[in-house]
Amino acid sequence: MEVRLAETAGFCYGVERAVNTVYEEIEKGTRPIFTYGPIVHNDLVVNELGAKGVRVIKDPDMLRNMSVSGELRGSAVIIRAHGVGRDVTEILDNTEDVVTVDATCPFVKKIHRIVTARHAGGENIIVTGSASHPEVIGILGQIGNQAVVLESTEDAERFCPVPDRHYCVVSQTTFNVQKFQDIVDILKKKIYYVHIVDTICNATQLRQKEALALSRECDAMIVIGGRHSSNTTKLFDICSKECSMTYFIESLQDFTEKLDSSVRCVGITAGASTPKTIIQEVLKYVRDEF
Ligand code: SF4
C-alpha cells in the first residue's frame with residue numbers, strides 16, 4: 001500500500017517560530033514563562049509545555065488580575081502567532097518587571113500595520129473571518145474594535161455600508177480563499193471606494209490545495225490535528241468531500257481503524273498546529289501496519 005504524506009503537513013512558519021520561541025525561553029531558564037493563550041491549538045503540545053512549567057493566561061481579565069496582584073512580576077509573557085490587540089499589550093507594558101516576548105507571526109503583524117494605517121487615514125475596516133477567532137480579535141484590537149467582521153456571504157449581503165465612505169477589506173490569514181473572493185464580489189457591488197488586501201496566508205492556501213489533490217487521488221485520508229484547530233477542521237472538510245474514508249485524529253492513539261485491503265493509497269495531511277513528531281508517528285504506524 002502506498003502512503004503519501006503532504007509536503008505542507010504540520011507547523012506553518014508562524015507556529016513553528018512561536019513554539020521555538022517558547023522552547024528558547026525554557027532553555028534560558030531565567031524567568032517563569034506564561035503564554036497569552038495556548039501557543040498552538042494542540043492539547044498535546046500545550047500539555048508538554050505545561051509539564052515544563054509553562055502556564056497559559058486565558059484572557060484579558062486573567063491577565064489584568066495577574067498584573068494587579070503582582071503574580072506576573074519577574075516573568076516572561078509570550079504572545080503567540082495569532083497576535084493580540086492593543087488592550088493586551090497595554091496591560092503588559094504597564095506591568096512591573098515583566099518581559100513581553102512577541103511571537104506574533106510577521107504575516108499577522110502586516111495586517112496590524114495595514115488596518116492601523118488605513119483606519120488612521122479615515123477608512124472603515126472590514127475583516128473577513130470569524131469574530132471569535134483570536135487572530136481577528138487581535139486585528140480588531142489594533143483599532144479599538146472599530147471594524148466590521150464578515151464571516152459569510154450572508155453577512156456580506158446583510159451589510160449596509162455608510163454612503164460615500166472609503167473602506168478597506170482584509171482577511172483573517174486562515175480564511176477560506178473562495179469565501180473571501182465571494183464576499184469581496186458582493187462588497188464591490190455595494191461599496192464605491194473599496195481597497196481590497198488579500199491577506200490570506202499562502203501556507204493555508206497551499207495546505208488546502210495539496211489536501212484536496214491528495215484526497216482526490218487516495219482511497220483513504222488521515223487528517224491530523226487538534227479538535228479546536230479551525231484550519232485542521234477545514235482540511236477535514238475538504239478531504240471528506242472528496243474521500244469518504246477520511247479520518248480526523250489528534251494523535252496516533254485516536255487511530256483505531258483497520259484499513260481494509262481494498263485501500264491502495266493512504267494520504268496523510270496535518271493542520272498548522274500539529275508537531276512533526278506526531279505526524280512521523282502516524283506515518284510510521286500506517287507504513288508498518290498496513
Ligand atoms: Fe503565520 Fe500563515 Fe502560519 Fe498564520 S498560517 S501563523 S499567517 S504562517
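Just so it is clear, the structure is predicted and the values come from calculations on it, not from any experiment. When a ligand or atom number is given, it counts from 1 through the structure's own listing order.
Salt bridge annotation for R165-E123: absent, with no cationic side-chain nitrogen under 4.0 angstrom from a carboxylate oxygen. Salt bridge annotation for D182-K179: absent, with no cationic side-chain nitrogen under 4.0 angstrom from a carboxylate oxygen. Looking at D237 and K234, no side-chain N of the basic residue comes within less than 4.0 Å of a carboxylate O on the acidic one, giving no salt bridge.
For atom 8 (S) of ligand 1, the closest non-hydrogen atom of the protein is G14 N, 3.5 Å. In this structure, the protein non-hydrogen atom closest to atom 3 (Fe) of ligand 1 is C12 SG, 2.2 Å.
For atom 1 (Fe) of ligand 1, the N/O/S atoms of C201 include none lying under 2.8 Å.
Around atom 6 (S) of ligand 1, the closest heavy atom drawn from C105, G83, G271 belongs to C105. Considering only non-hydrogen atoms, atom 4 (Fe) of ligand 1 lies nearest to T173 out of T173, I200, V15.
Annotation: cation-pi geometry satisfied between R227 and F248 (NZ/CZ under 6.0 angstrom from ring centroid, within 45° of ring axis).
Remark: side-chain polar atoms of D219 are paired, donor with acceptor, to backbone N or O of R264 under 3.5 angstrom.
The ligand atoms of ligand 1 that sit less than 4.0 angstrom from a heavy atom of F107 are 1 (Fe), 7 (S), 8 (S).
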